Each structure stands twice: as structure tokens, then as C-alpha cells.
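What follows is a short report on a single structure.
None of the values given here were measured: they were computed from a predicted structure. Start at 1 with the first residue, then count along the sequence.
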Amino acid sequence: MQHTVVERELELKLILSPERSIPVPARLGYRSDDPFAVHVAFHINSEHPVNWTFARELLVEGVFRPCGHGDVRVWPTKADGRSVVLMALSSPGGDALLQAPAAQVSAWLERTLRVVPPGTEGERLGLDDALADLLAPTPADDLWLREPWPGDESKDGNE
């Protein structure tokens, strides 16, 4: 199966305070062989880029309504009259609030959804086939099911 990569470079804003932000070059990445996840690399032109991976579903939903909890929260809002998506990221190393242009994020997400439509991610991983193989009965299973476990039957008739 051929794998597809969907990437988009864009400039995010790291919100330092209500009045202050700094530009952060970033790359959104999606791979069809990792269909549930999106990857965001910040400071992509620096020596030490910062990488985050979280559920694609979280970003898809976050474009429309607040979602997420814990380490990653995403929600839509307006900034200077424009639609933006805010991402609050928390880690042991610190917290960051990033603002992304909603139109660019949405367009990129639409491309990922064309590559792997929602609900078909599991098919990409072959999980159903792997689970079926793993859970398929074998001849030895019949013995397990038929024979009582040692100690299941009381030796002296008391129960």
C-alpha cells in the first residue's frame, strides 16, 4: 500500500500575552501510514525544532468548537476580525498558546480527509485483519474450552 504525506508550512503566532505574540514557522504533517495522528513541527528552520503529535480528530473538531483536555486543547475564535484556531499545548517543559489561521488549517485538514476519510483510519492500519488473525480460534482452543481447569472441581465434593 502506498503511503501519502500531506504537509503544509505556515506561520503561527506564539501568544505571549494579550498584546504580544511572536511568529513561529511551523509545518503541519499528516501521513496515511499513521492515519489517526497529525504532526506539528515548530521552529522548523532552527537547530532544535519542537515536534507535537496528537489526534487528527482533535484538530478537525477544534476548527469548529472547543475540544480536548489535558495536554492539547483546540478551539476556534476571532483575532483582528479573522478566524483563527488556538492550540494550547502543555508539557513538562512548559505551556504554549499558538494561533493559526483557520482557513489554512482547514484547507490542509481537507486534504488529509481526502487521503484518509474519517472512519477509515483503522482500515489503513490493517487492524481488523490483525485482530481477526489474533482472535481466530485454533484447534488448541477447543481443548481449553472443553477441559476444566485443574482445581475447578472440588476433590471432596464440598463446594
Just by modelled atom types, is the E7 backbone N or O under 3.5 Å from a matching donor or acceptor in the Y30 side chain? no
Taking atom OG1 of T4 and atom CZ of R31, what is their separation to the nearest 0.5 Å? 12.0 Å
Any non-hydrogen side-chain atom of E9 less than 4.5 Å from a side-chain atom of P25? no
Quick one, P101 and L10 - any side-chain contact, counting heavy atoms below 4.5 Å? yes
Step by step, work out the side-chain contact (heavy atoms from CB on, under 4.5 Å) result for L89 and F42. CA-CA 12 Å; L89 307 176; F42 304 102; 3.7 Å; yes
For a 4.5 angstrom cut-off between non-hydrogen side-chain atoms, does P118 reach L113? yes
Counting only heavy atoms not in R73, do more than 12 sit closer than 6.0 Å to its CZ atom? no
Output, in order, the C-alpha distance, side-chain angles, deciding distance and verdict of side-chain contact (heavy atoms from CB on, under 4.5 Å) for L86 and V74. CA-CA 6 Å; L86 291 177; V74 184; over 6 Å; no
So, do T112 and R56 sit near enough that their side-chain heavy atoms are less than 4.5 Å apart? yes
Could you tell me whether the side chain of V63 reaches within less than 4.5 Å of the side chain of L109, counting heavy atoms only? yes
Sub-4.5 Å side-chain heavy-atom contact between L28 and V38: no
Quick one: does E11's side chain get under 4.5 Å of P23's, heavy atoms only? yes
Short side-chain to backbone donor-acceptor contact, E121 and G119, under 3.5 Å: yes
Beyond-backbone contact of L59 with V105, side-chain heavy atoms, under 4.5 angstrom: yes
P76 to G62 - nearest heavy-atom pair and separation: CD-O, 3.1 Å
How many angstroms lie between CZ in F54 and CE in M87, if you round to the nearest 0.5 Å? 5.5 Å
Return the CD1 to CG distance between I22 and L16, rounded to the nearest 0.5 Å. 5.0 Å
Donor-acceptor pair, W75 side chain versus G68 backbone, under 3.5 Å? no
Count I, L, V, M, F, W, Y as connected when their side-chain heavy atoms are under 4.5 Å apart, and connections chain through other members. Are V84 and W52 then in the same cluster? no
Strictly by modelled atom types, are S90 and D71 linked by a side-chain donor-acceptor pair under 3.5 Å? no
Keeping the roles fixed (side chain from S106, backbone from A102), state whether a donor-acceptor pair exists under 3.5 Å. yes
Nearest heavy-atom neighbours spanning E61 and P66: OE2-O, 4.4 Å
Within the distance-only criterion (no hydrogens, no angle test), does the side chain of S21 pair as donor or acceptor with the backbone N or O of I15 below 3.5 angstrom? no
Between D34 and H3: side-chain donor-acceptor atoms closer than 3.5 Å: no
Presence of salt bridge, D80 and R82, under 4.0 angstrom: no
Check this for me: E57, atom CD, are more than 12 non-hydrogen atoms of other residues, nucleotides or ligands nearer than 6.0 Å? no
side-chain contact (heavy atoms from CB on, under 4.5 Å) assessment of H43 paired with V24: CA-CA 6 Å; H43 304 291; V24 176; 3.9 Å; yes
